[in-house]
Amino acid sequence: MNQRHQETVNDLRYLELLSHTFPTVADASTEIINLQAILNLPKGTEHFLADIHGEYEAFKHVLRNASGSIKRKVREIFGNELRESEIKELCSLIYYPEQKLTIVKERESELTDWYHITLYQLVRVLRDVSSKYTRSKVRKALPSDFSYIIQELLHERTDDTDKHAYVRAIIDTIVSIGRADAFIIAIANVIHHLVIDQLHILGDIYDRGPGAHLIMDTMKDYKNWDIQWGNHDILWMGACAGNDACICNVLRLSLRYANLTTIEEGYGINLVPLATFAMEQYGDDPCLEFQPKLNGENKNMDEKTVQLTAKMHKAIAIIQFKVESQIISRHPEWKMADRLLLDKVDYERGTVTLGDKEYVMKSCDFPTIDPKDPTRLTEGEVDLLKKLHRSFVVCEKLQRHMHLIRTHGCMYAVYNDNLLFHASVPLEADGSLREVEVGNGQRYKGKELMHTVGMMIRSAFQTDTNPDDKRNYIDYFLYLWCGPDSPLFDKSKMATFERYFLNEKETHKEEKGYYYKLRDNAEICDKILDAFGVEGENRHIINGHVPVHVKTGENPIKANGRLMVIDGGFSQAYHAETGIAGYTLVYHSRGFELVQHEPFTSAEDAITRCTDIKSTRQIVEMSSHRMLVADTDIGKDIKRQIADLQRLLYGYRHGLLTQSDRKK
């Protein structure tokens, strides 16, 4: 008995199920031919972004211009036909079709001619970006209203004399019946969709910037994307799950960066009780340590609002320190007793003892702290926290967005020989994987650690989880945010208290874990890749989390190209620190390119003045041959499908299975 026959016999029950989808030899043969053809198409383009931090406008533009890919394609197509100003106009139309059309209709005296010329140009661009996909995939990306018409235009050439009149008639009719605007918008949206085949977000959609909720609204309708959870995403998930320390941290960070848009406008969280409480308790306190960081749209905030924000900032920070102390105290296994600082303060002398050294605090005005029981919440704080807690856990939109993050992501992912995670894999000093105790009392390392943490996070939101376990899982969000062995933090401490109240820089230092010290070692990176089962000659680790200081000469490509760190400071708060405004890593059929972005002005400028994000492309790694679908994870799946279908054919032809008449 030959091998194929034995495999077919072993898989007979599975093949019987497969035969319902492919009931005849002809059906199975056609699918094999189709799948084999797909294997020979160029690999789709993957885009990697990290640490977006609420910068919706810049994020939206990077998606719309595909990190500069659309302009590059337009130049390739029309380089000898259009002036640079015309290329910019066409790109601006593709990026923002609705808004751009309004401007065009105000200024164009020959609008009909403009429609004809522009529609032909857009079809040419769409034909180019769709060329690497099957007709079936392109068809699925088309809007139902224009699917048939776009397909006709894509697959008919205007230089074919016999078809020229046919194509011309289609364009004429679109314009004459008043559907040109809708058609242009439809084509632009299809271009956006096809030019990025898969979007990978390596964590931290939330905090600092004003538009995290708008980013999530965008991702709700985005086709192919995944996210590797970042520490700020975990913080918001914890707040959504009802972890009061996470709720306080979310509010504190929003107040620190004077960014309440996501909190108030995005999710409708009522901050009036916090403002009222803050004015009652800290009305005469200048709260100098809690002055908000002003940049971007908040840089011109009036003084009255600044002072109120500072008081709210201090009020929620003190509640945070209390609640964190309570949670840490009930989890001695976290080994975070050194973070219980409120009982290390001498409230009369205004000092705090850290280790064996005493430090004078900048201020020691804490009207809500009882020195005899410093972690106890006052009645006012308890009442306020209850209101805030309810606002977060019952917010329907927040719950939807957190569900979306959970369904599209986890702690890590492996795509096409690339290991993706936000921050780190905890290591020992010798580079071996560190075992970490998690909330279930067990110890895990590497891949098992990441997987277990991901399962705990999901269990925190399940209604059938054991109540005691669920409380521990919800508590664990705090450890993931600031625990020393958390793969999302991996530092000795989070020095929030010290940064607010102590001048001495030595107390602010957060010692990074061994991963950050060893990640430039290619051998260490290979060991991590081995531990996660990542194979392939050109495998990589791709991270975000730690901003790359480009202006000081730091290179985002580390470990001889084995590791890529793509946090270039998307957030405005980091621009001065990094010297740039973020990275996009682009992985196309020819290899990797790193796109370095300059700060984005505004969508209005992009529409009215045709400005674009100035981006610099750096070739990271080029393949010796053009990569095909066959070289990807999808290709591996297709090859398995082909093997199954070939066994199905064998079963039909050798009488092990009976073909069905589909007409019955």
- Does a donor on one side chain sit under 3.5 Å from an acceptor on the other, for E98 and T102? no

- Check: Y96 ring centre within less than 6.0 Å of H61 ring centre: yes

- Between R208 and E55, does at least one N-O distance fall below 4.0 Å, as a salt bridge requires? no

- Is the closest basic N to carboxylate O distance between R75 and E84 below 4.0 Å? yes

- Message: Is it the case that the side chain of W229 and the backbone of I405 share a donor-acceptor pair, with hydrogens and angles ignored and the cut-off at 3.5 Å?
- Response: yes

- Message: Tell me the closest heavy-atom pair linking F183 and L153, and the distance in Å.
- Response: CZ-CD1, 3.7 Å

- Task: Mind running side-chain contact (heavy atoms from CB on, under 4.5 Å) on L101 and I185 for me, showing each step along the way?
- Result: CA-CA 9 Å; L101 280 166; I185 293 168; 4.0 Å; yes

- For L194 and S130 the tightest heavy-atom approach is CD1-CB, 3.8 Å

- Task: Please confirm whether the backbone N or O of P210 pairs with a side-chain atom of T262, one donor and one acceptor, at under 3.5 Å?
- Result: yes

- Test salt bridge (charged side-chain N to carboxylate O under 4.0 Å, His left out) applied to K73 and E76, step by step: CA-CA 5 Å; K73 287 182 178 294; E76 290 172 357; 5.3 Å; no

- Give a yes or no on whether the backbone of D204 and the side-chain of D233 come within a donor-acceptor separation of less than 3.5 Å. yes

- Y587 and H200 aromatic centres sub-6.0 Å: no

- Task: Without swapping roles, check the side chain of H540 against the backbone of L563 for a donor-acceptor pair under 3.5 Å.
- Result: no

- From E46, E593, H47, residue fulfilling side-chain hydrogen bond (donor to acceptor under 3.5 Å, both in side chains) relative to H588: E593

- Say whether, by atom type as modelled, one donor and one acceptor occur between the side chain of T407 and the main chain of L404 under 3.5 angstrom. yes

- Item | side-chain contact (heavy atoms from CB on, under 4.5 Å) between L235 and L253, intermediate numbers included | CA-CA 11 Å; L235 188 66; L253 286 169; 3.8 Å; yes

- Query: Taking all non-hydrogen atoms of both residues, which atom of P143 and which atom of V190 are closest, and how far apart?
  - Reply: CD-CG2, 3.7 Å

- Item | Worked verdict on H193 versus N224 for side-chain hydrogen bond (donor to acceptor under 3.5 Å, both in side chains) | CA-CA 9 Å; H193 174 67; N224 301 317; 4.9 Å; no

- Item | From Y206, W236, Y267, residue fulfilling ring-ring contact (aromatic ring centres under 6.0 Å, His included) relative to H401 | Y267

- Query: Should the ring pair W225 and H408 be called parallel, tilted or perpendicular, given that the plane angle runs from 0 to 90° and is split at 30 and 60?
  - Reply: parallel

- Note on the structure: Smallest heavy-atom separation, V546 atom then V565 atom, equals O-CG1, 3.7 Å

- Item | Backbone N/O of A310 and side chain of Q291: donor-acceptor pair under 3.5 Å | no

- Specify the closest pair of heavy atoms between W481 and N249, including all atoms of both residues, with the distance to one decimal. NE1-OD1, 3.3 Å

- Task: Taking all non-hydrogen atoms of both residues into account, name the closest pair between Y133 and T45 and its distance.
- Result: OH-N, 4.5 Å

- Message: Assess whether a salt bridge exists between K132 and D197, defined as any Lys/Arg side-chain N lying under 4.0 Å from an Asp/Glu carboxylate O.
- Response: no

- Under 3.5 Å, side chain of S92 to main-chain N/O of K88, donor-acceptor pair present? no

